[in-house]
There are 2 protein chains.
Amino acid sequence: MPETTKDRIVDASAELFQLQGYAGTGMRQIVARASAPFGSIYHHFPGGKEELGAETIRVSGALYLQLLDLFLDPAPDVVTGVEEFFAGAAVTLRESDYAEGCPIATVALEVASTSEPLRAATAEVFDSWIDAAAARFADAGLDAATARALAIGTIAGLEGAFVLCRALRSTEPMEVAGAVAVAQLRAALG
Amino acid sequence: MPETTKDRIVDASAELFQLQGYAGTGMRQIVARASAPFGSIYHHFPGGKEELGAETIRVSGALYLQLLDLFLDPAPDVVTGVEEFFAGAAVTLRESDYAEGCPIATVALEVASTSEPLRAATAEVFDSWIDAAAARFADAGLDAATARALAIGTIAGLEGAFVLCRALRSTEPMEVAGAVAVAQLRAALG
DNA sequence: GTCTATACTTTGATAGAC
DNA sequence: GTCTATCAAAGTATAGAC
């Protein structure tokens, strides 16, 4: 299945939103990076920038969710899997010169009080991440409430570490947040 | 000392940046909220939006740093102080209808890869918070390295919780992050 | 249906009247 | 020195040629 023009537009949006945020990215810039004519963006997204933004948030969120399986499936246990997820985030930050962090967080903060449809899209994504992580922790033997709290704490630590790492241009916060998440998980597993 | 026009401009910028981000806030909107004529913004900030942004980041960061003293000075011990800081953040989120989170994080993510002067300003702010929190933890008896790691972990948890709370319109992540920070601190204090 | 050209608004920034 | 009027560029969105 070849990549369609619509796919290229969403991919370009995802990359630019991550680097510059939603408000800081223009429609012209998006089609230029997607090698698409300007009009096609409104052909595929009649709702304009907001519709494209919502679609981009959902696609980026689903892609990032797949990373969870990518790290946790081959891991010998859930603790090791979480440990390697944070280590992988640190590698990505360093290799991208601190450009690639969370694909959702920047837009989430920008739109939380400015666009209800976009805020709802970011909420759906975060909910899906929380549910997926909580399911993994429940599979490891934790009760539902503990699993959910651990999932939220782990994702909060990850998100906050992305903020600090990109601002400080250092992976130290990601290493600390990973250690905290692992310690909390170990303690809960007894 | 009466509030000057320059102060009002910085205050208005801080409020708008928190709600809409840096790119999403216009110079016209800032002077309108500050009840100042348009020209005065370039009189006080010849460097334009970037200079105003840097000043706003520094002032907002210093103000938020004062909150640390406000919560930790009257607390009977550092654990209780941290606990109440997170509880206060949850109250602020709820009372502001999830509009008031971290005054720096939105801009920090936006500018991390787009403006080196602004990124450096956000880094200075986060460094000052880390140093202040680490000093508090060291005063409580921890060695420097442990105190620093706890400070970074606590601030990362706080920042990530702000992201999740504003997106989900729930204070649950802040409550979880507060419990994690308190647990880590208690464990380190022995 | 794809794409170009353009409409209209708003942006950051400046010049110059007072 | 304070403020108004305006600039050139970039913003989103649309109309219509092909």
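Small disclaimer: the values here were computed from a predicted structure and weren't measured. In what follows, chains carry the letters A, B, and so on, assigned in the order in which the sequence lines appear, proteins first and then strands, with residues in each chain numbered from 1. What's counted below: heavy atoms across the whole structure, side chains too, no hydrogens, waters or symmetry copies.
Atom CD1 in A:Ile30 sits roughly 14 Å away from atom C1' in D:dA10 (whole-Å rounding). One atom, CZ of B:Phe38, and another, P of C:dT10, lie 14 Å apart when rounded to the nearest Å. Note: CZ (B:Arg8) to C1' (D:dC3) measures 14 Å, nearest angstrom. Spacing between atom CE of A:Met27 and atom P of C:dT9 amounts to 18 Å, rounded to whole angstrom units. Note: CD1 (A:Ile41) to C1' (C:dT2) measures 15 Å, nearest angstrom. Protein atom CD of A:Gln29 is 15 Å distant from nucleotide atom C1' of D:dA9, rounded to whole Å. Look at CD on A:Glu51: it is 14 Å from C1' on D:dT12, rounded to the nearest Å. One can place NZ of A:Lys49 at 8 Å from C1' of D:dG11, the figure rounded to the nearest angstrom.
Phosphate proximity of C:dA13 to B:Tyr42: present, with a side-chain N or O under 4.0 Å from OP1 or OP2. Note on B:His43: a side-chain N or O is less than 4.0 Å away from OP1 or OP2 of D:dT2.
Both A:Phe85 and A:Val182 belong to a common hydrophobic cluster when Ile, Leu, Val, Met, Phe, Trp and Tyr are linked at side-chain heavy-atom distances under 4.5 angstrom.
Residue-level contact check: B:Thr5 touches neither bases nor backbone, having no heavy atom under 4.0 Å from any strand. Across all strands, A:Gly48 comes closer than 4.0 Å only to sugar-phosphate atoms, never to a base (heavy-atom distances).
Comment: A:Asp131 does not engage A:Arg136 in a salt bridge, judged by the lack of any side-chain N to carboxylate O separation of less than 4.0 angstrom. Checked for salt-bridge contact, A:Glu55 and A:Arg58 miss the test: no charged N lies under 4.0 Å from a carboxylate O.
Judged by the 6.0 Å and 45° rule, B:Lys6 forms a cation-pi pair with B:Phe45.
Minimum atom distance to the side chain of A:Arg28 is reached by D:dT12, of the listed C:dA13, D:dT12, D:dC3.
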